[in-house]
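Right, one structure below, let's go through it.
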Amino acid sequence: MGRERETQKEEGERTRGRDRLMGRKKNRGRGDGWQKTGKEKSKRQRHRERDPEKARGRRRRQAVGTARATGGGHGLALRVPIQAALLLVGLLTTGLAQSQISASGSRGFWALPENTTAVEGAAAELRCGVSAPGSAVQWAKDGLLLGPDPRIPSFPRYHLEGDPTKGEFHLHIEACDLSDDAEYECQVGRSETGPELVSPRVILSILVPPKMLQLTPEAGSTVTWEAGQEYEVSCVSGDAKPAPDITFLQSGQLISDITANVNEGSQEKLFTTEATARVTPQSSDNGQLLVCEGSSPALDTPLKASFTMNVLFPPGPPVIEWPGLDEGHVRAGQNLELLCMARGGNPPATLQWLKNGQPLSTAWGTKHTQAVARSILVMIVRPEDHGARLSCEAHNSVSKEIQERGVTLQVTFPPSAITILGSASQSENKNVTLSCITKSSRPQVLLRWWLGWRQLLATEETVMDGLHGGHISMSNLTFLVRREDNGLTLTCEAFSEAFTKETFKKSLTLNVKYPAQKLWIEGPPEQQPLRAGTRVRLVCLAIGGNPDPSLTWYKDSRTVTEPRQPQEPRRVQLGNLEKSGSTFSRELVLLTGPSDNQAKFTCKAGQLSASRQLVVQFPSTNLTILANASALRPGDALNLTCVSISSNPPVNLTWDKEGEKLEGLTSRPRSAPFKGSAAARSILLRMSSGDHGHRVTCRAHSTELRETVSAFYRLNVLYPPEFLGEQVLVVTAVEKGEALLPVSVSANPAPEAFNWTFRGYRLSPTGGPRHRILSGGALQLWNVTRADDGLYQLLCQNSEGTAQALVRLDVHYAPTIRALQDPTEVNIGGSADIVCTVDANPILPGMFSWERLGEEEEDQSLDDMEEIAKGPTGHLRIHHATLAQAGAYQCIVDNGVAPPARGLVRLVVRFAPQVEHPTPLTKVAAAGDSTSSATLHCRARGVPNIVFTWAKNGVPLDLQNPRYTEHTYHQGGVHSSLLTIANVSAAQDYALFTCTATNPLGSDHTSIQLVSISRPDPPYGLKVLSMTPYSVGLEWKPGFDGGLPQRFQIRYEALETPGFLYMDVLPPQATTFTLTGLQPSTRYRVWLLASNALGDSELTDKGSQISITTPGLDQPSEESDYQMPTEQPEGTSELPLMPVLVAVGGLLLLSNASCVGGFLWQRRQRRLAEGISEKTEAGSEEVPIRNEYEEGQWTRDLDDPSSTVSTADAEPYYHSMRDFSPPLPPTLEEASYPRGFTGLEEDNIAFPGHLYDEVERMYAPPGTWGPLYDEVQMSPGDLCWSEDKYEDRRGIYDQVAGDLDPMETDSLPFELRGHLV
């Protein structure tokens, strides 16, 4: 049974699969047909939509059908009658469709889809209920099958909803868009229970709302229109479905005049609506909105776009507000303020005031909130404004005509002035006639007269027409004046009822004339003598009179006045008329002069007068000297006459010339002015050139006045130039400075030309690059040179003759050394002169001085030398030349003109060679296994250059042997020879080598022993430097290090305590050390031991041992001045047995390294060649001058075992070898290992014991050979070229031939570095 069920089930599945396959093919055929039908439909639709009106009707019918199928849609409003007919047709169509659906539904659908409308973006659902469960159901969109999968993968927004078991296959669409607008049908596949089913097609209509409205003019803007004009407004909607309806609102009111067109949109099925409205704005629309509204079934609220209307319209008529009741009536002088207003208008009204048609004011303001324009006219009313018309005009840019409002002025004004014609001055008892006239007034005024408080009756009154519509009033008055009326006020008064609060008057003072009663003068008594220059005061007095008496002063019938020009002396001061009661006075103050003598002064007042006469004494008023000739020359006779024009009393005349009294002849007197006395006196003079410019003086003396008046005559004598005694004949100048050759010459007339001549050449009078002739004839020179020294001839000339003079210019210049014998050579003990010849001006006896250039004060002494000076030559004489005198000398010449001249000369003292003999015998250690090399250093002093020769065990050394290489270097008086022995063999090279130094003056030699590597020699020279209760400071000299780096160790014991203590010296290369940890008041014995890699030095009693006693705590610490005598052990140390055995064993190991040694040797030779070339150039740097010798040579050649290279171009200098100690190469264990010493004592040792103990080894430590003789770097503990003594510490030794490439310190074991023999 089970198997049969399974078989039936499989057969049923195959049947259903076949049916689904057949149904799919059938549906595919339907789909293809739908697609064809759809294309044809699209073509027909596009054809129909070419007619917009037909397309719009069809869309409306579709919308109505859709609304009916969905039960009314979304509230679409029917606005035209044709829409009702369309709705009826849609209902009938829908009923037929429903009948078909019912017929089909009875065969298997319990729910059929219906036409549906959805808004874009919303969800839509089409229902499909099938009464045959288990059937395959799918939807078709415009004939395209969507598939039975409920998820519908090809359409992400589509899926089926409902329970399939209940037959629910509803199509749900999310976020609908325009692509979803189509026809849909629900299809049920064939099954065992029934045939296939297809639902009627339904339409899903998608409503697309418009997104925007495009308004023209632009939305949101402000549009300016003029009221009453017609304008067109357009509004275009965006894409929408269906086409939206557009309406316009103007100020909230619907516009009826609208034209609308529907157009195709940017996509299929989308439409746009374009509507146009014609608008006529009014003034009430100003500031209101014009709105475009677009409505659509897809919109809940209409879409709006708007702009603001700015409507221009004219303002209302202006209004003038008049202050007060009587319009137009004003008074002159009144501050009239009128307000003009105009309401409404856009833009607001422009206001202006006019007066008689002419613009008066164009200022106005606007209150925008009230739409009112205001203008205030402020003016001061004047009489001429009577009858003027003031008007206010209002208009704006859209006014058709100007609106105006005016007022005519009626001005009331009083008379602006009252004038009284006629004179108010009259003699007593006579008539006065006056007229009073007013200016124009409105209304007219009346006139009346007052004299004091008394009213006078007018003789005649007249009224005339005046200006500005006014009237002029005139009144005449005649009356008799009396003396008592004098000073009273006469007034003309104008009055009127229109001016009750004002009174207009014109007044004048009555002047009644009558004469004075008495006149007299007060002053000094008559005939009293007055000295000229005396101040005299005369006063004229009068009583009574009107007008006041004038009181006029006269001098001899001429009116007295003050000087009008300010620069004139004020000899007369005329006072003003003064009044005191009825008395009048006027003062005359005189500064008496000759013209006042016997003068008559009169004062007049009308017909009255009074007089006074003065007597004035005065000296000579005008003293004049008369000459008979004006042009004078030496030898001419001159007659001078002195005339005194006038004096009172008479004067005596005398003559003098520059203080010398002269006798003259008295002439006959003549008549004199000012009623005085005249006098004259003459003299005769003989002229000379010395009289030019002298003054001849005439003196007029008054005995009674005790006063003298003088006059002089200056003599003008013409004569040729004459040089004065103070003429400078020698002028001194400094080279490159300025010089002024002065001229002291006398001539009349002044010299016309100054001609200067130098060495036959005339100097240009207009000047030149380095000279000019000053206005006084002086010659000025600048940038003076010694070539300008000499005589200058001056020729002076004027119209009377010529003169000449010679002026010498002495040019001083700084000294210049012309000759200096450098170098000056002398044999030791001989005599020599160092000669210094200069060019200078002036030549002074003590201008030569000499200095010796040295680093120490004792080197600068010239006590044993003689300084001699003869003219421009100076000598420094050396009588018995010594080596200490060799070196640099400076000739200094100072003649007072900066800068002093300095010349450098070298004194070279020639002497025989002096080889440095170190004590003890010099030793050099090297391994004798034919793999190492050794360098022997020999140094000597001597001038001239030294030649070195070498011998081994007394036999001359054959330097042609390639195993021997010699390098010689000459630096000043110091000479060095470096002998390099390659492939040192114990059998051949362990010997005594002798170095001999020879020059033309003699020879000297020294010996150096080449030995094997061994233990170090004991140190020597141990001494105490300082001591405290707990420590002691020690110093020593290192012994021979055995060819290896050595260290020091201190062994000490307290004599009262058994046992020894040891302390290592740090740093290892130190030669001083402070031993601490001692006890006070204790005796100690101290030993110093040296050790290297092969062992310790021997323990000796001499030189390396010392006994000390520490001071007690109560004793002060002190520096020790004692030094225990030490000696270096004589002879060579015996070779220890153990090192010999080690060396023999190591010989086998080192045989393999011989090849390496040969290769390194060749590379060392190449490096040496490069280094020597570099140091030859470096040797040219300046070094201090000592005993310099020009024939310096340096020996070096790679091809020849011995060669010489000249270094004269390098300026070699000869240094004293005293106190010289070069640094030694660093050892294997230390980067720098000085083997120097701390001090040199000339009494026991010339050079340090290991000065030549540097050994060149095959496996040298880094930096051993590079800097050995290069720029010497010495540690502070070594004695080297002192920094304060030598400027440059280079050049003593250059790089040595045979330098090896540096190797790492531990590149080979110690056993492979050499053999002991």
- Are any side-chain N or O atoms of Asp285 and backbone N or O atoms of Gln282, one a donor and one an acceptor, separated by less than 3.5 Å? yes
- Query: Between atom CD1 of Ile420 and atom CD1 of Ile437, what is the distance when rounded to the nearest 0.5 Å?
  - Reply: 10.5 Å
- Query: Counting only N and O atoms by type, is there a donor-acceptor contact under 3.5 Å from the side chain of Thr592 to the main-chain atoms of Thr534?
  - Reply: yes
- Neighbour count >12 (heavy atoms, 6.0 Å) for atom CG, Leu457: no
- Note on the structure: dist Arg448:CZ -> Gln455:CD (nearest 0.5 Å) comes out at 6.5 Å
- Item | Side-chain heavy atoms of Phe504 within contact of Ser496, under 4.5 Å | no
- Message: Do Thr561 and Leu574 have side chains that approach each other closer than 4.5 Å (heavy atoms only, starting at C-beta)?
- Response: no
- Side-chain contact test, heavy atoms from C-beta onward, threshold under 4.5 Å: evaluate it for Val589 versus Arg535 and give yes or no. yes
- Item | N/O donor-acceptor pair under 3.5 Å between Trp553 side chain and Cys540 backbone | no
- For the student: nearest non-hydrogen atoms of Ala672 and Ser677, plus distance: CB-C, 3.6 Å
- Query: More than 12 heavy atoms of other residues, nucleotides or ligands under 6.0 Å from CG of Asn576: is that the case?
  - Reply: no
- Task: Establish, from distance only, whether the side-chain atoms of Ser399 and Asn396 form a donor-acceptor pair under 3.5 Å.
- Result: yes
- Look at atom CD of Gln253 and say whether more than 12 heavy atoms of other residues, nucleotides or ligands are closer to it than 6.0 Å. no
- Task: Look only at the side chain of Arg612 and the backbone of Glu526, and say whether a donor-acceptor pair between them is shorter than 3.5 Å.
- Result: no
- Task: For atom CD of Glu218, decide whether the heavy atoms of other residues, nucleotides or ligands shown that lie under 6.0 angstrom number more than 12.
- Result: no
- Item | Exercise: identify the closest heavy-atom pair between Ala424 and Thr509 | CB-O, 3.6 Å
- Message: Working to the nearest 0.5 angstrom, can you tell me the gap between Tyr554 OH and Ser611 OG?
- Response: 11.5 Å
- Thr408 and Arg389: side chain donor to acceptor below 3.5 Å: no
- Message: Under the criterion side chain to side chain contact (heavy atoms under 4.5 Å, CB included), I'd like the reasoning laid out for Phe495 against Thr503: C-alpha separation, chi angles, the key distance, then a yes or no.
- Response: CA-CA 6 Å; Phe495 61 95; Thr503 301; over 6 Å; no
- Task: List the steps, then state whether side chain to side chain contact (heavy atoms under 4.5 Å, CB included) holds for Thr216 with Glu232.
- Result: CA-CA 9 Å; Thr216 303; Glu232 185 178 281; over 6 Å; no
- Flag the pair His471 / Asp465 as yes when at least one side-chain heavy-atom distance between them is below 4.5 Å, and no otherwise. yes
- Message: For Ser647 and Ser620, which I'm curious about, is there any donor-acceptor pair between the side chains at under 3.5 Å?
- Response: no
- Task: With the side chain counted from C-beta on, respond yes when Val615 and Gln598 share a heavy-atom pair under 4.5 Å apart, and no when they do not.
- Result: yes
- Message: Just so I know, are the side chains of Thr412 and His329 near enough to count as touching, which here means a heavy-atom distance under 4.5 Å?
- Response: no
- Thr438 side chain to Ser473 backbone, donor-acceptor under 3.5 Å: yes
- Expected output: side-chain Asp485 to main-chain Arg482 donor-acceptor under 3.5 Å: yes
- Message: Please enumerate all residues that pass ring pair (Phe, Tyr, Trp, His ring centres under 6.0 Å) together with Tyr231, with sequence neighbours excluded.
- Response: Trp225
- Give a yes or no answer on whether the side chain of Ser251 reaches the backbone of Gln288 with a donor-acceptor pair at less than 3.5 Å. no
- The single option from Asp556, Leu614, Val536 that satisfies side chain to side chain contact (heavy atoms under 4.5 Å, CB included) with Phe601 is Leu614
- Item | Nearest atoms (heavy-atom pairs only) where Arg442 meets Phe499 | O-CZ, 3.6 Å
- Message: Can you give me the closest heavy-atom contact between Arg531 and Leu705, atom names plus distance?
- Response: NH2-O, 3.1 Å
- Quick one: does Asn486's side chain have a donor or acceptor within less than 3.5 Å of a partner on Val512's backbone? yes
- Determine, step by step, whether Lys555 and Val572 satisfy the side chain to side chain contact (heavy atoms under 4.5 Å, CB included) criterion, reporting the C-alpha distance in whole Å, the side-chain angles of both residues, the deciding distance to 0.1 Å, and the verdict. CA-CA 11 Å; Lys555 177 182 178 181; Val572 177; over 6 Å; no
- Task: Could you tell me whether Gln607 atom CD has more than 12 heavy atoms of other residues or ligands within 6.0 Å of it?
- Result: no
- Query: Looking only at heavy atoms, which two atoms of Gly544 and Ala516 are closest? And how far apart?
  - Reply: O-CB, 3.4 Å
- Can you tell me how far the CD1 atom of Ile418 sits from the SG atom of Cys492, to the nearest 0.5 Å? 5.5 Å
- Test item: Asn310 side-chain N/O and Thr222 main-chain N/O as donor-acceptor pair under 3.5 Å: no
- Are Gln250 and Val233 close enough that some pair of their side-chain heavy atoms sits under 4.5 Å apart? no
- Task: Examine distances only and state if a side-chain atom of Asn597 and a backbone atom of Pro594 form a donor-acceptor pair shorter than 3.5 Å.
- Result: no
- Could you state the interatomic distance from NZ (Lys400) to NE2 (His395), rounded to the nearest 0.5 Å? 15.0 Å
- Below 4.5 Å, heavy atoms only, C-beta onward: do Val651 and Leu623 meet side chain to side chain? no
- The side chain to side chain contact (heavy atoms under 4.5 Å, CB included) partners of Ser475 (sequence neighbours excluded) come to Leu447, Trp449, Ala458, Glu461
- Would you give the length of the straight line joining atom CD of Glu578 to atom OG1 of Thr583, rounded to the nearest 0.5 angstrom? 12.0 Å
- Item | Crowding at NZ, Lys506 (>12 non-hydrogen neighbours, <6.0 Å) | no
- Query: Under the side chain to side chain contact (heavy atoms under 4.5 Å, CB included) criterion, do Arg454 and Leu488 qualify, and how do the steps go?
  - Reply: CA-CA 10 Å; Arg454 178 164 55 95; Leu488 295 180; 5.6 Å; no
- Compare every heavy atom of Lys579 with every heavy atom of Phe584, then report the nearest pair and how far apart it is. CE2-CD, 3.2 Å
- Does atom CD of Glu484 have more than 12 heavy-atom neighbours from other groups under 6.0 Å away? yes
